[in-house]
Amino acid sequence: MKVKIEKSVSSKKQSSKKSNILSDKGKKQPQITRNTEIKRALCRWCSANCGVEVHVKNGEISKLTGDKNSQSRGFRCERNTLGAMDYHNHPNRLNYPLKRVGTRGEGKWARIPWQQAMDEIAEKIGKVREKYGPESLAMLAGCGTVRFQWMDVRWCNLFGTPNRILSSMNCFAPEGLTQCSVYGADSRGFLEPGVTKCVVFFSGNKKHSMPNRWKTIIESKRQGTKIIVIDPMFTELSEMADMWLQIRPGTDAALAYGFLNVIIQERLYDEEFVQKWCLGFEKVKSAVKEYTPEVVEEITWVPRGKIIEAARIYATSKPAIMGFMDVTHSHLGRDAVLQIYLAESALRAITGNLDVRGGDLMRETEEGFNFNFDDNMHWDKLFNHPLRKRDCLSAQKFPISSVRGFALLMEAMRKPNGKVGYLNSWNFTPMASPHYIWQAILDEKPYPVKALIINGLNVMCTRTNAGKIREALKSGNLEISVTTDHFMRPAAMLADYVLPATDWLEDVCLNLQRNLIGEQSVPPKFERKSDYYFLRELGIRLGQGKYWPDTIEDMYDKIIQPSGLSFQEFKSTNTVPPKIRYKKYETEGFHTRSGKIELVPSVLKELGYELWTSYKEPPRTPISAPELADIYPLILTTGKKTVTYYHSALREIEKLRARHPDPIVQIHPDTADKNGITNSEWVYIETPEGRIKQKAELTTTIHPQVVSIEHGWSFPERPGEDPNLFGVWESTAGVILPDDPELCDFQGGSPLRALLCRIYKA
Ligand SMILES: Nc1nc2c(c(=O)[nH]1)N[C@H]1C(S)=C(S)[C@@H](COP(=O)(O)OP(=O)(O)OC[C@H]3O[C@@H](n4cnc5c(=O)[nH]c(N)nc54)[C@H](O)[C@@H]3O)O[C@H]1N2
Ligand SMILES: Nc1nc2c(c(=O)[nH]1)N[C@H]1C(S)=C(S)[C@@H](COP(=O)(O)OP(=O)(O)OC[C@H]3O[C@@H](n4cnc5c(=O)[nH]c(N)nc54)[C@H](O)[C@@H]3O)O[C@H]1N2
Ligand code: SF4
Ligand SMILES: [Mo]
């Protein structure tokens, strides 16, 4: 849908322009140079951040090629090869700041100048803060700003609000928080062909979700790495694996308990390491004692022989890694999620695979990567903000993501030099579970939320309970709501201001975790501005002036200052491989309170979490909710990534859409048959929350009792005006998923998998 402009307001210059914001013939175009230059950019359509060479001729992009000298070695997936230029030039891109002139959702907008937009927004937010306190502003920051999210968090810290939702909350925050609590760092498997001897993947979809690493997996396999895949579906990865464990969705914790049981019973763990470095081993031992392969087979559907064999392979093939970042068991309910991540952390620790070459590395943000991140986040401002009177909205229910809980964790992780060494703190910050934010808007309880900033998060497409989100965004209680994005999205239609962001060809980007730098290739088109510009302009108007240097490059200067280089100098070295240090604990201990690995983390205990209890079934399965299962007999999983799309984005790119035109529900042929469904038919998927439809793909790769739907769908070609909202009600997973706190995980993420549904022909 093209955005319709009613009239321009306040700016005479603007009002004489054409009413269609998408054409801008009168505008001075960027300076033309004669030479062809190659700029080295970073693709930002997933966290792989592949290097792209941008050929710029006479000021225009002539072509894109993979950057062979970057860490991605020239790789680009189809999203980039097919979609990048069309995305940059798309006629429906947001190009100018828009102000709502009709009622919310009516779709009437006026184009206004940036300065006016920032003045008005800042004034309204300032008044909200004055009247209701800084906690009355909630900030949502998503994958769109994934490389800049730390700046959103930083902005909130300076403003004084703990109420934010980051994309990590529905993604890797539960894993990261658990790892930080157990061993004082978040860890990632670094698969090194020829070095790593075994990988256990708790999700088999890597060909689609991590296409940039697919070649490494193949090469590693060729060099003898044993691959074990745990997935209810038979995927491309399952196909090449040495072992595929077809698990009942949501029971990964029981399986991990089973692995621990075998490894401990057979004394396959690293006794010396456990003795020297691990606290709480006896507690783990007694918790998993009853989870024999027989018991675990019954819970998980995985045959006992396979459980034993997989556990033995993992424990005896060293070094081994456990997944890359397998988020498939996030959001299966409070206890189940904590149990799985505690058990995975324990497996890494007791087998001695932590922080060894070719194993699971504890990630550093400080000296190892030459960055000074901690100081620049201004955590002290949030913790001691003079205006902040309250913790985040869901603090009591999910204490680890409260200000109190987060402060405890950070304190535990502080090194002798006073820095939090390993914490990628912007990812795991105080956050509010979404349900509480909508409630606080609608009922003003436990205290009101009156202002909302949505920065690069497509909230109605990627969160749950979309109906409630709409209600909240339309509520008269909400005094100001602002969105920044590249395209008009369903929630953006309900905003008061919509601001146009630059894309990765138009601004610089630093990947803090891997020392990757993306250059700005061309000046921003039209009036698109970087997310940095937005935060800075707003910050300056709200008293944060001294914290926001003039440009993002100046900000990066501050971050990389310990390297002794300026950002420009650092950039000229383009892509300095991060300094990897192994076994860091040998010199500095683990960054926990005790300096050891706390298999039973003291921070979580202090916050009241029950640890290493007997296996808890997720809240909505045929076992835990048998009555519901009588009506909804199938197990629902959502959000399997497809290589064509990045979450909710890119549906407007024709070349990509042609490859994947419709949302797909995968069903076993026997199940389809029983329900009178044939291939390629539209099918309703119904849960207690409602129904949506997707197109059936019958496949024997899925278990007959499991149904898998895609997430993030809307139809950008359809009308955007409320209640249409780009067809969000038709196929979007979040429409039929709950956000009930009782069903959320231990840090507040809503349930996305291991739910119940029924299906029938549409
Ligand atoms: N193309 C593309 N790539 C992406 C993204 C994208 O949107 N598009 N998003 C990126 C992001 S932000 C993330 S977090 C990663 C996620 O990457 P992955 O962790 O690989 O996640 P998914 O693709 O969601 O994994 C889905 C797999 O989990 C299986 N599964 C479902 N339920 C269960 C269960 O209960 N237990 C187990 N063991 N398996 C289960 C499904 O059958 C499916 O094969 O992908 C990243 N890569
Ligand atoms: N049902 C279900 N839901 C899921 C999942 C699932 O498996 N199942 N997966 C979850 C996971 S792992 C994740 S990480 C989340 C992701 O959820 P989101 O964070 O909402 O991710 P996207 O859908 O990519 O939305 C990003 C938005 O930012 C915009 N954008 C892109 N680049 C920029 C930019 O530079 N600046 C600005 N301002 N905007 C930009 C895009 O146009 C898009 O509207 O989804 C979660 N939601
Ligand atoms: S979208 Fe594709 S090209 Fe871009 S960073 Fe991700 S894997 Fe690389
Ligand atoms: Mo994610």
Side-chain angles (χ1 to χ4, degrees), residues 42-52 66 72 75-81 83-84 140-148 166-172 201-206 208-213 229-233 235 237-238 245 247-252 255 323-332 340 454-459 461-464 483-487 489 491-492 499-504 507 509 530-531 534 618 635 637-650 666 701-702 706 708-712 732-734 737 749-750 752-754:
L42 290 182
C43 173
R44 284 204 325 251
W45 284 334
C46 83
S47 47
N49 291 140
C50 297
V52 180
S72 50
F75 175 82
R76 293 192 293 153
C77 75
E78 69 184 47
R79 273 166 282 164
N80 190 295
T81 54
L140 278 53
C143 282
T145 54
V146 74
R147 287 292 156 236
F148 309 111
L166 304 190
S167 39
S168 59
M169 182 167 232
N170 259 58
C171 182
F172 55 86
F201 286 110
F202 272 90
S203 130
N205 192 32
K206 304 301 173 199
H208 296 263
S209 66
M210 301 186 183
N212 58 317
R213 299 176 79 176
V229 173
I230 301 156
D231 197 305
M233 292 199 68
T235 62
L237 187 63
S238 320
L245 279 50
I247 192 167
R248 174 165 69 86
T251 62
D252 299 73
L255 186 65
F324 285 165
M325 179 184 79
D326 305 343
V327 300
T328 45
H329 29 261
S330 298
H331 333 296
L332 308 171
I340 174 68
I454 305 182
N455 215 0
L457 187 142
N458 194 352
V459 61
C461 293
T462 58
R463 306 298 115 169
T464 65
T483 292
T484 70
D485 208 300
H486 292 152
F487 289 93
R489 301 294 186 202
L499 304 170
T502 43
D503 59 45
W504 54 272
D507 58 24
C509 168
S530 70
D531 291 298
F534 165 69
I635 301 172
T637 177
T638 80
K640 180 172 170 264
K641 284 35 179 189
T642 71
V643 76
T644 320
Y645 296 124
Y646 191 47
H647 299 291
S648 66
L650 305 174
Q666 291 178 305
T701 57
I702 196 164
V706 180
S708 169
I709 62 171
E710 290 179 356
H711 77 304
T732 308
L737 300 177
S750 333
L752 308 177
R753 304 181 213 282

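In each ligand, atom 1 is the first atom listed, and ligand 1 is the first ligand listed. Fair warning: this is a prediction, and the values are worked out from it, not measured in the lab.
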Visitor: Please write down residue, atom name and distance for the protein heavy atom closest to atom 9 (N) of ligand 2.
Guide: Lys641 NZ, 3.3 Å
Visitor: Against heavy atoms of Asn170, which atoms of ligand 2 measure under 4.0 Å?
Guide: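 Result: 10 (C), 11 (C), 12 (S).
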Visitor: Hey, is atom 2 (Fe) of ligand 3 within less than 2.8 Å of some N/O/S atom on Cys77?
Guide: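 It does: Cys77 brings an N, O or S atom closer than 2.8 Å to atom 2 (Fe) of ligand 3.
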Visitor: Using a plain distance cutoff, I'd like to know if His208 has any nitrogen or oxygen under 3.5 Å from a nitrogen or oxygen of ligand 1.
Guide: yes
Visitor: For atom 34 (C) of ligand 2, what is the nearest protein heavy atom, given as residue, atom name and distance?
Guide: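 Of every protein heavy atom, Gly144 O, 3.1 Å lies nearest to atom 34 (C) of ligand 2.
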Visitor: Where is the nearest protein heavy atom to atom 47 (N) of ligand 2: which residue, which atom, and how far?
Guide: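 Result for atom 47 (N) of ligand 2: Thr462 O, 2.9 Å.
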Visitor: Classify the contact between Thr502 and ligand 2 as side chain, backbone, both or neither, using a heavy-atom distance cut-off of under 4.0 Å.
Guide: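 Within the 4.0 Å criterion, Thr502 contacts ligand 2 through backbone atoms alone.
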Visitor: When only distance counts, is Asn458 in polar contact with ligand 2, meaning an N/O pair under 3.5 Å?
Guide: yes
Visitor: So which bit of Ser648 gets within less than 4.0 Å of ligand 2, heavy atoms only: side chain, backbone, both or neither?
Guide: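 Both backbone and side chain of Ser648 come within 4.0 Å of ligand 2.
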Visitor: Mind checking whether Cys143 contacts ligand 2 via backbone (N, CA, C, O), side chain (CB onward), both or neither, at a 4.0 Å heavy-atom cut-off?
Guide: both
Visitor: For Arg753 and Asp252, run salt bridge (Lys or Arg N to Asp or Glu O under 4.0 Å): C-alpha distance rounded to whole Å, both residues' side-chain angles, the deciding distance at 0.1 Å, then the answer.
Guide: CA-CA 12 Å; Arg753 304 181 213 282; Asp252 299 73; over 6 Å; no
Visitor: Test of understanding: given a 4.0 Å heavy-atom threshold, classify the contact between Asn49 and ligand 3 as side chain, backbone, both, or neither.
Guide: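 The part of Asn49 near ligand 3 is the backbone, not the side chain.
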Visitor: Among all protein heavy atoms, pick out the one at the shortest distance from atom 3 (N) of ligand 2; state its residue, atom name and that distance to 0.1 Å.
Guide: His711 CD2, 3.5 Å
Visitor: Heavy atoms only: which of Ile709, Leu752, Asp531, Thr637 lies closest to atom 37 (C) of ligand 2?
Guide: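 Nearest heavy atom to atom 37 (C) of ligand 2 lies in Asp531.
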Visitor: Could you check whether any heavy atom of Arg44 sits closer than 4.0 Å to an atom of ligand 2, since that is the contact criterion I want to use?
Guide: yes
